[in-house]
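The sequence lines fix the lettering, A, B, ..., with proteins before strands; numbering per chain opens at 1.
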Protein chains: 2
Amino acid sequence: MTEPNPSGRPGRWRSGAESRQRILEAARALFREHGYGGTTVRAVAAEAGADPAMVFYFFGTKQGLFGAALEMPEGVPTAIESIFVGGLDDIGARMVRTLVENLDTSDRAPFVTLTRSALTHDESENLLRQYIDREITARLVTLLGTPDAAVRVALLNVQVLGLAMARYIVRIEPIASASVDDLVTWFGPLAQHCLTGPAPSR
Amino acid sequence: MTEPNPSGRPGRWRSGAESRQRILEAARALFREHGYGGTTVRAVAAEAGADPAMVFYFFGTKQGLFGAALEMPEGVPTAIESIFVGGLDDIGARMVRTLVENLDTSDRAPFVTLTRSALTHDESENLLRQYIDREITARLVTLLGTPDAAVRVALLNVQVLGLAMARYIVRIEPIASASVDDLVTWFGPLAQHCLTGPAPSR
DNA sequence: GTCTATAATTAGATAGAC
DNA sequence: GTCTATCTAATTATAGAC
């Protein structure tokens with residue numbers, strides 16, 4: 001009992017958790033920017049001001065680091081939650097706004113990491129698909145309840161994927177530089193149309 | 001003049017162009033499958049039944065091989081051309097059908113190579129954007145001629161990008177396994193709506 | 001034109017001192 | 001917990017024989 005314990009929990013505090021955190025943040029940034037294959041453990045360590053060996057000490061392997069870096073930052077699950085409260089009427093606009101607002105703030109962008117990596121790295125391809133399936137697709141399908149729900153949700157997923165690609169990866173103008181409100185204006189009705197518009201046949 | 005010259009041109013024939021061609025095909029397949037970073041020159045050489053050194057002999061560097069592998073296979077430019085003949089009425093459906101039919105045949109899929117690589121490799125990111133800009137965006141904007149043409153075409157690009165991602169990269173069902181006709185049914189109206197539907201405001 | 005051998009570099013991972 | 005040193009393996013790339 002020489003100092004106050006800021007964590008409020010018993011045991012050691014201010015341990016290597018700090019380095020671990022810095023490494024994690026660096027890993028998130030680099031994986032997001034260069035994907036899995038394009039990011040080296042050495043680069044992560046350098047960015048974090050730590051030693052490469054530390055990375056392996058904490059996360060065992062590059063894969064482990066990748067998995068840990070993809071843990072959803074707090075706030076993302078609740079953001080997803082906010083999409084689903086309020087029913088189906090404005091869900092298109094809400095979905096676009098939530099998506100873009102969260103992906104625009106650089107810290108909460110594991111999806112960008114994933115999409116960047118999904119093209120060259122099988123593991124992240126699975127992670128991406130699983131996350132989308134579990135958190136978005138499945139919930140929307142049950143929410144719709146119609147026979148063509150699967151197709152409708154797939155169409156919406158294409159909107160989301162395309163928008164994310166255009167704004168964050170391929171950077172197609174004017175999508176990349178547009179304001180959040182513009183994007184909601186453009187894509188909200190489109191997304192809404194996918195879910196509650198005229199039946200897409202078959 | 002010991003043998004007939006199948007190429008019909010003077011000079012040597014049946015030279016290293018055969019190896020070059022095999023290497024090029026192998027490179028296209030592997031770049032498409034694993035992206036730039038995930039493809040090794042050795043793997044390309046092995047796939048082509050050639051020596052790694054040959055690859056460097058013909059293409060100088062891995063970058064050079066990549067650039068050469070992205071040369072549009074014959075038929076793709078004319079396919080793009082066919083989208084634009086016939087006016088604006090059915091252009092959505094024509095665009096979706098042409099896109100999917102060409103990308104489904106594995107040999108004519110440099111776009112898949114590009115999108116797979118665009119996420120981790122800056123060079124391919126530029127190649128992808130330039131190609132889309134020159135061959136699709138610019139022509140569509142002039143074809144539309146309206147003030148909001150840029151936005152409309154951007155919306156269409158998102159459809160194309162999202163559809164390609166969902167079918168070929170992330171493999172979202174039922175998009176990935178759908179027939180060409182289904183995709184035209186689902187995305188044709190959506191694409192048409194982007195170009196000639198109600199104004200997207202602003 | 002084709003291949004063998006190998007140089008040069010880089011990345012992932014481990015051992016062990018402090 | 002942290003760092004230095006190092007190992008091993010893979011990769012890009014070159015030199016040179018045939």
State whether B:D148 and B:R152 are salt-bridged, where the test is any N-O pair (Lys NZ or Arg NE/NH1/NH2 against Asp/Glu carboxylate O) under 4.0 Å. yes
With B:R22 via side-chain hydrogen bond (donor to acceptor under 3.5 Å, both in side chains) - residues at least two apart: none
For A:T142, what residues pass the side-chain contact (heavy atoms from CB on, under 4.5 Å) criterion, not counting sequence neighbours? none
Separation of A:R22 atom CZ from D:dG1 atom C1', in whole Å? 12 Å
In whole angstroms, the gap separating C1' of D:dG1 from CZ of A:F59 amounts to 14 Å
Looking only at the side chain of B:T40 (C-beta and beyond, no hydrogens), which of the listed nucleotides D:dC3, D:dT2, D:dT11 gets closest? D:dT11
Winner on side-chain proximity to B:D51, out of D:dT2, C:dC3, C:dT2, is C:dC3
Would you mind listing every side chain to side chain donor-acceptor pair (under 3.5 Å) that reaches into residues 153-165 of chain B, with sequence neighbours excluded? A:Q159-B:Q159, B:T137-B:N157
To the nearest Å, give me how far apart CE (B:M54) and P (C:dT2) are. 4 Å
For B:E173, enumerate each residue passing the salt bridge (charged side-chain N to carboxylate O under 4.0 Å, His left out) test, keeping only those at least two apart in sequence or located in another chain. none
When you measure from the side chain of A:A53, which nucleotide among C:dT4, D:dT4, D:dT2 comes out closest? D:dT4
note: A:Q21, atom CD; D:dG1, atom C1'; distance rounded to Å ~ 16 Å
Among the nucleotides D:dA13, D:dT2, D:dT6, whichever has the atom closest to the side chain of B:F56 is D:dA13
When you check the phosphate oxygens OP1 and OP2 of C:dT2, does a side-chain N or O of B:Y57 lie under 4.0 Å from one of them? no
Contacting residues from residues 60-68 of chain A, given that a heavy atom lies under 4.0 angstrom of DNA chain C: A:T61, A:K62
Rounded to whole Å, how long is the line connecting atom CD1 of A:I23 with atom P of D:dT2? 8 Å
Specify the separation, in whole Å, of atom CZ of A:R42 and atom P of C:dT14. 14 Å
Would you sort out whether A:V160 and A:F187 count as a side chain to side chain contact (heavy atoms under 4.5 Å, CB included), showing the intermediate values? CA-CA 9 Å; A:V160 169; A:F187 288 98; over 6 Å; no
Pairs touching residues 34-46 of chain B that satisfy side chain to side chain donor-acceptor pair (under 3.5 Å), sequence neighbours left out: none
